[in-house]
There are 2 protein chains.
Amino acid sequence: MPYARPNRNGPTIKDIAAALGVSHVTVSRALNDSPLVTEETKKRLREAAASMGYIPDAAAKQLRGGRSNIVGFILPDVENHFFSAIARVIAETLAASGMQLVLSISEDDPDLELRHVRSLCEARPKGIIITPVVNMHRETADLLANIPCKQLVRRHPLVESDVIVSEDKTATRLAAQRLIDLGHRHIAYIGNGSETLSTGADRAEGFYQAVWAAPEVKATIKLGPPGPGHGYETAIELLTDPKRPTAIVLGSALFTIGTLQAIRETGLEVPRDISLIGYDDPDWFKVWGAGITTVALPIREMAMMAASLVGESALEPALEPAITSIDGTSCKRLTFPVNLVQRGSDRQFRDRNQEV
Amino acid sequence: MPYARPNRNGPTIKDIAAALGVSHVTVSRALNDSPLVTEETKKRLREAAASMGYIPDAAAKQLRGGRSNIVGFILPDVENHFFSAIARVIAETLAASGMQLVLSISEDDPDLELRHVRSLCEARPKGIIITPVVNMHRETADLLANIPCKQLVRRHPLVESDVIVSEDKTATRLAAQRLIDLGHRHIAYIGNGSETLSTGADRAEGFYQAVWAAPEVKATIKLGPPGPGHGYETAIELLTDPKRPTAIVLGSALFTIGTLQAIRETGLEVPRDISLIGYDDPDWFKVWGAGITTVALPIREMAMMAASLVGESALEPALEPAITSIDGTSCKRLTFPVNLVQRGSDRQFRDRNQEV
DNA sequence: TTTCAAAATGTTCACGTGTACCTTTGACCC
DNA sequence: GGGTCAAAGGTACACGTGAACATTTTGAAA
């Protein structure tokens with residue numbers, strides 16, 4: 001014997017076969033419920049398998065049969081509630097069809113993203129769901145081209161795949177419009193800016209749309225890198241300006257904490273001194289002050305859609321996305337509606353000078 | 001030809017070998033940097049592999065060589081910041097050693113937990129990190145016994161494995177003690193109660209310890225299921241009592257939102273009417289009101305330790321755990337220190353009647 | 001040149017599973 | 001009784017990789 005079985009301590013189908021004096025093929029058939037085996041034999045073999053503690057080997061199955069039963073989800077950051085909520089739904093949906101979720105965190109770093117994609121490709125996953133990084137490497141996109149892939153939340157032009165997004169333009173437009181309706185005449189937008197990704201551009205554009213339509217409104221737009229630091233610094237800068245805005249729209253959940261921190265440090269109060277409309281809807285928005293008004297995204301529906309599409313499982317569209325095709329490709333864009341949740345962080349503008 | 005290669009579109013080492021007129025073994029050796037191949041040949045073969053777009057097959061490697069390079073993490077809930085923060089660090093640590101993280105969400109359901117463990121076992125993972133469910137099935141524990149396994153955050157007695165926990169007793173004791181020192185004479189504890197899990201019992205006991213040592217203090221203890229609903233309902237019940245407590249200690253991050261909701265609905269204010277000490281330290285604790293005083297856990301250190309242990313990688317103990325052995329087994333318990341972060345949600349008790 | 005070890009490469013096989021194809025058995029029909 | 005056919009099971013092999021063992025080539029000492 002050249003070497004002992006390296007990867008096993010439990011029995012294989014051959015062991016079961018030997019123990020019962022049948023061929024390993026019969027065991028395989030019995031366990032896979034093939035019609036080629038008598039019910040009685042099936043029962044006998046299954047009982048033996050169970051009592052011997054047989055556990056099938058996913059690697060062998062995969063080697064023989066095709067792709068594995070894993071799906072990769074590559075996302076920038078799990079600590080962000082927005083993404084952890086998505087991850088949860090994806091994991092649930094996949095588990096329901098017996099698939100497994102490999103979670104890869106890119107930290108918005110193209111190098112790390114590439115490493116994760118490489119790693120995933122080696123596992124021959126059933127599919128990959130990705131929220132792409134701003135400066136994705138071309139090699140990353142090339143690798144993804146060979147695998148069933150869906151882009152979620154963000155879209156990168158190098159990747160040819162279906163895209164599942166929310167109505168980003170509408171989201172910021174609704175937020176800005178509401179503040180305009182409340183009488184605010186100087187509104188700021190803090191978002192992440194990136195020409196290569198859909199998200200940043202769309203959200204900024206939605207904000208513009210509302211503001212352009214109201215020439216009496218002054219707008220300040222601050223785009224920056226998609227990290228939490230940007231929120232704080234930008235907000236400090238905005239709020240210490242003597243001509244500071246009276247309302248802020250956040251273009252990303254990441255900036256909320258930083259902005260709130262800045263508001264407190266500058267001695268201001270929400271909504272008395274400044275109105276605020278957030279993005280996404282983590283639990284604590286409900287209990288912060290009188291509640292934070294925000295644009296809520298249909299996370300559950302988007303994530304389920306993504307998971308169902310890569311997992312080829314049935315799908316219950318609780319919410320109907322708008323389906324459009326992407327210019328020049330055969331890919332589809334599924335856009336899910338958003339809605340503005342009104343709470344206590346925004347209110348009618350009152351001029352501080354007039355009040356005194 | 002009986003059937004075409006079912007699981008491949010890219011080239012294998014045999015294809016590369018054929019293209020360059022060498023044996024597939026030479027290719028394998030070159031790609032694995034074996035000393036048995038000339039540097040020059042290595043270079044030639046590697047370049048060919050790269051240009052042909054070769055991607056190794058993890059399943060074949062695993063089948064031949066032993067275990068896979070995946071590590072499973074079974075946790076009750078990723079949306080909970082506490083766990084998503086842990087998942088993040090585990091994923092990072094594993095990725096640094098080229099391993100992959102399979103995320104399985106048990107939702108505190110023993111059946112689901114068992115299914116996940118079964119699924120993971122089929123993948124022959126390098127190890128499993130688990131935060132066990134209260135009523136774990138015996139079969140789950142049996143399966144885990146055959147795999148390198150570490151319990152994280154919670155310990156279930158059926159599972160014989162090393163355990164990585166925080167000083168749960170100290171945590172609640174510190175919190176209660178602080179409130180006593182601030183002059184509070186009626187303190188409530190809202191936690192999750194379960195005899196089979198270490199966490200619930202330990203945290204309750206820590207609270208007891210502080211309270212017992214101060215006979216003048218009245219304590220109300222409310223244990224319930226580890227879900228967010230418990231927090232709200234219990235808090236409502238506590239706060240609508242005419243003899244309501246003047247301070248609350250939370251025994252789990254899950255209960256914070258519900259408790260804050262209840263406080264607002266009953267028209268009370270933190271810290272004027274009621275002091276509050278939380279558990280864990282999500283970002284928003286810093287910006288809620290004047291900040292939420294809380295017991296912060298060394299999440300990063302605990303998660304890194306768990307990941308390093310199952311991944312057999314080097315380990316940098318930024319924080320030194322206390323190591324004790326577990327009665328009757330050869331397993332170790334690694335206990336990490338906690339610390340009380342003082343913010344604005346607790347303050348000196350003032351009797352409302354005397355003030356008037 | 002011969003010899004012989006060391007270096008470089010090749011041949012074979014096993015890992016666990018499932019599929020294509022072959023063999024045996026026995027029931028049924030004319 | 002020979003023939004047909006279906007049921008039930010077996011044999012052989014492939015999937016991609018790497019370890020063990022075999023073979024060839026190299027190069028230097030004798």
Side-chain angles (χ1 to χ4, degrees), chain A residues 1-46 48-49 52-69 121-124, chain B residues 1-46 48-49 52-69 121-124:
Chain A
M1 183 191 300
Y3 45 75
R5 284 190 313 187
N7 36 356
R8 270 288 194 167
N9 25 35
T12 72
I13 50 172
K14 286 190 183 168
D15 297 326
I16 301 174
L20 298 203
V22 297
S23 146
H24 77 272
V25 182
T26 309
V27 180
S28 169
R29 287 188 184 130
L31 297 178
N32 290 320
D33 204 17
S34 152
L36 294 175
V37 184
T38 330
E39 279 305 323
E40 186 224 328
T41 313
K42 275 186 197 171
K43 189 172 168 235
R44 201 163 49 101
L45 296 186
R46 281 178 188 157
M52 294 173 71
Y54 169 72
I55 298 172
D57 186 314
K61 273 190 180 155
Q62 177 186 346
L63 186 58
R64 187 65 191 72
R67 305 204 88 87
S68 72
N69 73 331
C121 284
E122 300 187 2
R124 308 288 128 97
Chain B
M1 182 191 299
Y3 44 76
R5 285 189 312 187
N7 37 356
R8 268 288 195 170
N9 26 33
T12 72
I13 51 172
K14 286 189 183 167
D15 297 326
I16 301 174
L20 298 202
V22 298
S23 145
H24 78 271
V25 183
T26 308
V27 180
S28 169
R29 290 205 263 250
L31 296 178
N32 290 321
D33 204 17
S34 153
L36 295 174
V37 184
T38 329
E39 277 307 322
E40 186 224 329
T41 312
K42 275 186 199 173
K43 191 171 167 237
R44 199 163 50 99
L45 297 186
R46 280 179 188 156
M52 294 174 70
Y54 169 72
I55 299 173
D57 185 315
K61 274 190 180 157
Q62 177 186 345
L63 186 59
R64 187 65 191 73
R67 304 206 89 86
S68 72
N69 74 331
C121 284
E122 299 188 2
R124 308 290 128 95

Task: Whichever of A:N32 and B:V37 has its nearest DNA chain C nucleotide further upstream toward 5' - done: B:V37
Expressed in angstrom and rounded to an integer, what is the separation of [X] atom [atom1] from [N] atom [atom2]?
X	N	atom1	atom2	value
B:L45	C:dT9	CG	P	8 Å
B:L36	C:dT11	CG	P	16 Å
B:K42	C:dA8	NZ	P	9 Å
B:I16	D:dG16	CD1	P	12 Å
B:D57	C:dC15	CG	C1'	13 Å
A:K14	D:dA12	NZ	C1'	11 Å
A:E122	D:dG18	CD	P	11 Å
A:E39	D:dA7	CD	P	14 Å

Task: Nearest to side-chain heavy atoms of B:R64, which nucleotide of C:dT9, C:dT17, C:dC15 - done: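 Among the listed nucleotides, the one closest to the side chain of B:R64 is C:dC15.
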Open item on the list: So if I take every side-chain heavy atom of B:T12 and compare against C:dT17, D:dG16, D:dG10, which nucleotide ends up nearest?
Closed with: D:dG16
Can you check whether [X] has a side-chain N or O nearer than 4.0 Å to OP1 or OP2 of [N]?
X	N	value
A:T38	D:dG9	yes
B:T26	C:dG10	yes
A:S28	C:dT19	no
B:S23	C:dT11	no

Open item on the list: Counting C-beta onward and ignoring hydrogens, is there a side-chain heavy-atom pair between B:V22 and B:V27 closer than 4.5 Å?
Closed with: yes
Task: pair B:E39-B:K42: side-chain heavy atoms closer than 4.5 Å - done: yes
Task: Side-chain (A:S68) to main-chain (A:Q62) donor-acceptor, under 3.5 angstrom - done: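 Absent.
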Open item on the list: Ignoring hydrogens and geometry beyond distance, is the side chain of A:R29 in donor-acceptor contact with the base of D:dG10 at under 3.5 Å?
Closed with: yes
Open item on the list: Does A:H24 contact C:dG18 through a side-chain donor or acceptor facing the base, at a distance under 3.5 Å?
Closed with: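 Donor-acceptor pair under 3.5 Å: yes.
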Open item on the list: For B:R124 versus A:P56, what's the shortest heavy-atom pair and its separation?
Closed with: NH2-O, 2.8 Å
Open item on the list: Under 4.0 Å, heavy atoms only, any strand: does A:V25 hit a base, just the sugar-phosphate, or nothing?
Closed with: base
Open item on the list: Let me confirm one number: the OG1-CZ distance from A:T38 to A:R29, rounded to the nearest 0.5 Å.
Closed with: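 Going from the OG1 atom of A:T38 to the CZ atom of A:R29 covers 11.0 Å.
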